Amino acid sequence: MKHHDGEPRPAPGPLRYAQCWEDADVLLEALDVQPGDVCLSIASAGDNSLALLTRNPSRVVALDRSEEQLHCLALRIAAYRHLEHAQLLELVGSRPSARRRSLFERCRPDLTAAAAGFWEQRWADVERWGIGGVGRFEAYLRLFRRWLLPCIHGSATVQALLRAGTAESRWRFYAQRWNTRRWRWLIRMFFSRSMMQRLGRDPAFFRYMDGDLAGHVEARIAHALQDLDPAENPYLHWILTGRHGEVLPLALRPQHFDTIRANLDRLELRCQSLEDFAGGGDRVDACNLSNVFEYMSAADHEYTYGRLLACTRPGARLAYWNMLVPREAPASLRGRIEPIAPGTSARLHAQARAFFYSRFVVEVVR
Ligand SMILES: C[S@@+](CC[C@H](N)C(=O)[O-])C[C@H]1O[C@@H](n2cnc3c(N)ncnc32)[C@H](O)[C@@H]1O
């Protein structure tokens with residue numbers, strides 16, 4: 001498949017994301033899904049597509065152009081069906097486990113041969129890290145946690161960071177104990193463009209990027225560690241400890257387990273690009289678009305956005321993230337977007353605990 005301007009897609013390769021690194025609470029508030037709605041959701045590892053099921057939509061089309069990403073969602077679906085909640089957490093890696101093999105065997109009959117083979121290939125990693133820990137991006141974060149962070153902060157300091165406190169105590173802790181010169185040096189080095197490109201993110205992402213990646217990450221981390229409460233941040237817990245803390249990402253919370261399980265049949269997995277989906281006949285009310293527009297040239301973004309508008313119903317909501325490539329409704333199509341309450345996107349962005357993104361965009365179709 002090629003872009004309409006003939007640019008090649010990134011070659012299929014190893015799994016990039018074994019879990020969604022986008023805040024599901026923020027996404028759900030933005031999309032305001034109503035019972036019976038049809039949702040389009042970029043699948044990634046599937047967590048946020050599952051989260052949408054908690055709002056009782058009639059259908060969630062979980063779309064990804066990478067088959068490997070859909071294998072992640074397929075195993076999660078089988079796990080919701082065949083495991084109990086605590087076992088699901090063990091399989092994902094939110095909690096330690098010595099029985100992932102037997103949990104997997106209970107899910108396996110629901111998987112295609114390709115999906116089962118995919119998981120077998122990376123079984124040693126699943127045993128160690130859980131199914132949420134086996135992507136390239138998680139391996140990159142692990143490198144940080146296991147080999148670099150200990151040179152800067154010992155485990156007592158990390159545990160102190162993750163303990164609940166007041167806003168004032170967080171600011172003090174960050175200034176006096178966490179934000180040392182060595183910490184700033186580590187961030188600058190580890191989140192440099194070349195390092196992230198080599199070890200973590202899809203190289204296609206960097207093609208349209210222009211800016212100070214490490215500086216951006218440093219500011220976002222400062223926000224996540226001071227303004228937000230680290231004790232309530234499951235994404236930060238995973239980065240610093242390799243597990244989720246007491247507070248889990250939305251789809252993994254016990255109170256949502258039964259609803260998600262009951263609605264699994266409403267999920268439809270499609271290995272397809274957004275561009276191709278948008279040319280088809282589906283009509284949707286809510287779109288979780290991850291940050292896919294950042295991987296497109298400005299011309300492709302405009303083209304795809306226009307096609308997407310053609311398959312949304314009036315009042316449909318689009319939600320997506322920007323990291324370093326600025327993407328919002330293209331100027332030529334802005335007339336087709338309703339103004340929403342000023343500050344909505346910025347307010348939601350400030351709440352996002354998966355802190356990599358510089359901007360969250362929420363748009364409502366006229
Ligand atoms: C854009 S990436 C970002 C991942 C995300 N930030 C996370 O942490 O989970 C999410 C998913 O989008 C998929 N993707 C990227 N461009 C796409 C497109 N044009 N159509 C469909 N899927 C796409 C990738 O395969 C990947 O699984």
Side-chain angles (χ1 to χ4, degrees), residues 1-5 7-24 26-27 40-51 61-74 76 92 118 131-141 196 200-209 213 217 220 234-236 238-239 249-251 269-280 282 287-297 299-305 307-308 311 318-325 327 352-361:
M1 157 88 208
K2 288 188 158 190
H3 283 214
H4 79 282
D5 61 3
E7 279 190 55
R9 299 242 175 255
L15 180 71
R16 295 213 171 267
Y17 304 97
Q19 58 180 289
C20 277
W21 291 96
E22 292 163 13
D23 192 304
V26 163
L27 176 73
L40 167 66
S41 177
I42 297 295
S44 206
D47 307 285
N48 290 359
S49 304
L50 289 159
V61 180
L63 189 86
D64 208 294
R65 65 185 179 195
S66 149
E67 205 179 332
E68 290 82 8
Q69 295 294 152
L70 292 171
H71 294 330
C72 296
L73 178 51
R76 280 164 169 75
V92 167
F118 167 88
I131 64 171
V134 301
R136 277 193 77 181
F137 189 63
E138 291 78 24
Y140 177 68
L141 296 175
M196 265 186 121
R201 295 255 167 190
D202 184 340
F205 172 69
F206 295 89
R207 198 182 312 143
Y208 306 110
M209 188 187 97
L213 176 60
V217 174
R220 295 297 300 155
Y235 307 98
L236 182 67
W238 189 293
I239 293 168
L250 194 143
L269 278 58
R270 283 203 210 168
C271 192
Q272 192 181 31
S273 71
L274 178 64
E275 297 84 326
D276 287 348
F277 173 90
D282 293 89
C287 302
N288 161 29
L289 300 171
S290 179
N291 64 328
V292 298
F293 291 140
E294 287 193 87
Y295 293 74
M296 300 177 191
S297 67
D300 276 344
H301 166 232
E302 183 170 2
Y303 171 78
T304 305
Y305 197 101
R307 278 163 61 109
L308 188 60
C311 67
L318 316 182
Y320 51 96
W321 304 87
N322 287 186
M323 192 159 152
L324 278 174
V325 185
R327 292 283 180 258
R353 292 157 310 164
F355 46 80
F356 309 106
Y357 297 93
S358 55
R359 189 165 173 221
F360 182 55
V361 182

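Fair warning: this is a prediction, and the values are worked out from it, not measured in the lab. The first residue in the sequence is number 1, and the count goes up from there. Whatever order the structure lists ligands and atoms in, that order sets their numbers, starting from 1.
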Of the non-hydrogen atoms in Leu324 and Glu294, which two are nearest, and what is the gap between them?
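Smallest heavy-atom distance, with atoms named: N-OE1, 2.9 Å.
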Does [X] come within less than 4.0 Å of ligand 1, judged by its heavy atoms?
X: Glu294; value: no
X: Ile42; value: yes
X: Phe137; value: no

Ring centres under 6.0 angstrom apart (Tyr235, Phe355):
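Not close enough - the centres of the two rings lie 6.0 Å or further apart.
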For ligand 1, note which part of [X] has a heavy atom under 4.0 Å away: side chain, backbone, both or neither.
X: Ser290; result: side chain
X: Arg65; result: both
X: Tyr357; result: side chain

Would you say the side-chain atoms of [X] pair up with the backbone N or O of [Y], donor to acceptor, closer than 3.5 Å?
X: Gln69; Y: Tyr17; result: yes
X: Asp23; Y: Val26; result: yes
X: Asn322; Y: Arg327; result: yes

Taking distance alone, with N or O pairs closer than 3.5 Å, would you say Tyr17 contacts ligand 1?
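Among all N and O atoms of Tyr17, none is under 3.5 Å from an N or O of ligand 1.
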Those residues at least two apart in sequence (or on a different chain) that pass salt bridge (Lys or Arg N to Asp or Glu O under 4.0 Å) with Arg307 are none
I'd like to check which ligand 1 atoms, numbered from 1 as shown, lie under 4.0 Å from a non-hydrogen atom of [X].
X: Gln19; result: 9 (O)
X: Gln272; result: 21 (C)
X: Glu275; result: 18 (C), 19 (N), 20 (N)

Parallel, tilted or perpendicular: which describes the rings of Trp321 and Tyr357, with under 30° parallel and over 60° perpendicular?
tilted
Please work out whether the ring planes of Trp21 and Phe356 are parallel, tilted or perpendicular, with thresholds of 30° and 60°.
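Taking Phe356 first and then Trp21, their aromatic rings stand perpendicular (interplane angle over 60°).
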Option nearest atom 2 (S) of ligand 1 (shortest heavy-atom distance, choices Leu15, Asp64, Asn291)
Asn291
